[in-house]
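In the text below, chain A, chain B and the rest are named by the order of the sequence lines, each starting its count at 1.
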Amino acid sequence: MDVLYFAWVRERIGVPKERVETDAATVSALVDELRAREDRYAAAFADLSALRVAVDQELTDFDASIAGAREIAFFPPMTGG
Amino acid sequence: MDVLYFAWVRERIGVPKERVETDAATVSALVDELRAREDRYAAAFADLSALRVAVDQELTDFDASIAGAREIAFFPPMTGG
Amino acid sequence: MRVVVQEAPFDFAAEAAGFADGRHDMGAVVTFTGIVRDVTSGDLQAMEIEHYPGMTEKALTAIAEEARQRWSLGDVLVIHRYGRLHAGDKIMMVATAARHRKDAFEAAEFLMDYLKSRAPFWKKEHAGDSADWVAARDEDEAALTRW
Amino acid sequence: MRVVVQEAPFDFAAEAAGFADGRHDMGAVVTFTGIVRDVTSGDLQAMEIEHYPGMTEKALTAIAEEARQRWSLGDVLVIHRYGRLHAGDKIMMVATAARHRKDAFEAAEFLMDYLKSRAPFWKKEHAGDSADWVAARDEDEAALTRW
C-alpha cells in the first residue's frame with residue numbers, strides 16, 4: 001500500500017510518500033512496524049495524540065482496520081480555513 | 001412639535017407629518033388628544049401594541065415624557081434588513 | 001466604519017472587495033446581503049421600502065457602534081437602500097472584519113438582528129392587485145434576546 | 001454547489017457577486033473570507049499551505065453536502081487555495097444562500113468550523129529566519145461540539 005506523510009510528519013520522515021508491504025491488520029500495528037524501522041519513524045510517531053490518520057482518504061482512528069486499504073496517510077491536526 | 005407617521009400609520013392618518021400644538025406631558029397623553037380629534041386618528045391608534053414611537057428620533061415607549069420634544073414619530077414595528 | 005442609507009443600487013462586488021482588500025491584520029471577513037425575495041411565486045411587482053430619514057442613519061450608526069464595543073472588530077460596513085425595489089435586487093449588506101472568525105460572524109449576526117427590528121424601515125409588497133405591508137416576525141424580535 | 005481547490009488566486013468580488021446575483025428565491029447570502037494575517041507584525045514572508053490532493057476535495061464536498069442536509073440552502077460555494085501565500089492574500093471563502101438569514105449564517109459557520117479542523121490543510125509560517133507549522137487551536141476543535 002501507499003503510505004503518505006504531510007506537514008511536519010513528512011519533514012521528519014523525509015519523504016512525502018512511500019510503498020510499504022505489510023501484514024499489519026490495523027493502523028496501530030502498521031505504526032509499530034514503521035517505528036521499528038528507523039529513528040526518523042520512531043521520532044515522527046513518538047506521540048500519536050499529536051497525529052491524525054486517514055485510510056483511503058477518510059479520517060479514522062488508530063484502531064481502524066487497514067485490510068484491503070490502498071492508501072494510509074499520517075499528518076498533524078489540520079489547520080484549514 | 002412635529003408629529004410624523006410612517007407606513008400604514010401614515011396611510012391611515014393620511015399625512016406623513018403635521019404640526020401639533022399640545023400641552024400633553026407624555027406620548028400617551030398626546031395619543032389621547034389625537035384619538036379625540038377624528039376617526040382616522042382613533043383608527044390608527046386603536047391598538048397601541050401594534051405601534052412603536054420615537055421621540056426626537058430615539059425609540060422609546062408610550063409612557064415617555066415629551067416635554068421639550070421637537071419631533072414625535074409613530075409607526076408599526078420595523079422590518080429592515 | 002461606514003454607514004450608508006441610499007435609494008440608488010450599490011455594487012455588492014465592489015463593496016465586498018473594497019472591504020476585504022488590503023487587510024494584513026484581520027484574518028476574517030463576513031458579509032451578509034439581503035435580497036428582495038419573490039415570496040408570491042413570481043407575482044411580486046415591487047418591494048417598496050419606506051424609512052425615517054435622519055433617524056435611520058442614527059439608528060444604524062448606533063447599532064454599528066454597539067457591535068464595535070462588543071466585539072474586537074477591525075471594521076464595519078452597513079449599506080441599506082430605500083425606495084422601490086424588485087425581486088432579485090439587493091436591499092442591504094453588512095460586512096465585518098475581525099482577527100478571528102467568531103467575532104466577525106457574531107458581530108454580523110448582531111448587526112442583522114438589530115437592524116431587522118430596530119432600524120426604522122418598513123416594507124410594502126406590491127403583488128398582483130394588492131399592496132401589503134410586511135408584518136414584523138415574532139422570531140425577529142425573539143432573536144434580539146440572544147445578545 | 002461548487003467546491004474548488006486551487007493554487008491560483010480567486011477573484012473574491014466576482015465570486016461573491018456571481019453567487020449573490022440573479023436570485024429571486026433566496027433572501028439571504030452570507031460570505032466568509034479568510035485572509036493571510038501577519039501575526040508576526042510585519043515579519044511574515046510567506047504562508048505555505050500544504051494539502052492532501054484527492055482527500056481535500058472529498059472532505060470539502062462532504063462538509064458542503066452535510067450543510068445542505070442540515071439547513072435549507074439554495075446554494076453553497078467553497079473555494080480554498082494551497083501553495084505559497086502572502087500577508088493580505090485571500091486563502092479561502094465560503095458562501096451560502098438561503099431563504100432566511102438564520103440558515104445562511106449557521107451553515108456558513110458550520111462550514112468554517114468543519115473545514116478548519118476536518119479538511120486536510122496545514123499551514124506553515126515563514127517569518128524572519130524561521131518557518132513554523134501553525135498549531136491547531138483547541139478552540140477550533142471545541143467549536144465542532146456546537147453542531
Side-chain angles (χ1 to χ4, degrees), chain A residues 1-20 22 26-28 30-31 34 39-81, chain D residues 3 5 32-37 39 47-64 78-82 85 90-94 108-125 131-144:
Chain A
M1 67 185 61
D2 288 324
V3 180
L4 283 70
Y5 309 107
F6 292 96
W8 61 254
V9 184
R10 170 180 56 70
E11 291 176 339
R12 209 162 288 182
I13 289 178
V15 294
K17 186 175 179 175
E18 60 188 331
R19 188 88 199 152
V20 172
T22 181
T26 64
V27 175
S28 288
L30 172 64
V31 167
L34 292 170
D39 281 353
R40 57 193 170 106
Y41 291 94
F45 290 107
D47 176 12
L48 290 192
S49 75
L51 293 181
R52 301 290 178 268
V53 60
V55 174
D56 288 339
Q57 305 189 351
E58 291 277 350
L59 271 182
T60 184
D61 50 52
F62 287 83
D63 297 333
S65 164
I66 56 172
R70 296 176 309 280
E71 188 172 302
I72 318 283
F74 295 101
F75 40 78
M78 294 150 278
T79 54
Chain D
V3 171
V5 181
F32 177 92
T33 319
I35 299 171
V36 178
R37 192 156 66 95
V39 288
M47 165 82 84
E48 205 183 314
I49 302 179
E50 182 169 335
H51 80 122
Y52 183 170
M55 180 173 164
T56 310
E57 293 78 358
K58 273 189 208 171
L60 293 178
T61 302
I63 293 165
V78 179
I79 302 177
H80 205 303
R81 297 181 63 192
Y82 58 88
L85 280 72
K90 293 177 190 74
I91 306 174
M92 49 76 58
M93 69 174 286
V94 303
E109 287 180 81
F110 170 88
L111 288 168
M112 286 309 303
D113 284 349
Y114 268 82
L115 78 76
K116 272 270 168 191
S117 306
R118 292 292 180 270
F121 290 100
W122 302 273
K123 291 177 184 146
K124 192 177 196 174
E125 283 176 350
D132 297 298
W133 291 100
V134 174
R137 302 192 311 163
D138 288 344
E139 58 197 277
D140 283 333
E141 188 65 32
L144 298 184

- What part of A:Arg52 lies closer than 4.5 angstrom to a heavy atom of chain D: side chain, backbone, both or neither?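 For A:Arg52, neither part sits under 4.5 Å from chain D.
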
- So which part of A:Ala7 gets closer than 4.5 Å to some heavy atom of chain D, the side chain, the backbone, both or neither?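 Its backbone and side chain both get close to chain D.
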
Is it the backbone or the side chain of [X] that comes under 4.5 Å from a heavy atom of chain A, or both, or neither?
X	answer
D:Lys124	side chain
D:Ala62	neither
D:Ile91	side chain

- Query: Among A:Lys17, A:Glu18, A:Arg10, whose side-chain hydrogen bond (donor to acceptor under 3.5 Å, both in side chains) with A:Tyr5 holds?
  - Reply: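 Filter result, single survivor: A:Glu18.
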
- Item | Ring center gap for D:Tyr52 and D:Phe121 short of 6.0 angstrom |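 No, ring centres 6.0 Å or more apart.
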
Are [X] and [Y] close enough for a salt bridge, meaning some N to O gap below 4.0 Å?
X	Y	answer
D:Glu50	D:Lys123	no
A:Asp2	A:Arg70	no
D:Glu141	D:Arg118	yes

- For chain D, find which of A:Pro16, A:Ala50, A:Pro77 contributes the most heavy-atom pairs closer than 4.5 angstrom.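 Answer, by heavy-atom pair count under 4.5 Å with chain D: A:Pro77.
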
- Item | Option that, when pairs with chain A are counted at under 4.5 Å, heavy atom only, ranks first among D:Ala135, D:Ala119, D:Ala59 |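 Looking at each option in turn, the highest pair count goes to D:Ala119.
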
- Item | Nearest-0.5 Å distance, CG of residue A:Leu30 to CZ of residue A:Phe45 |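 CZ of A:Phe45 is found 7.0 Å from CG of A:Leu30.
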
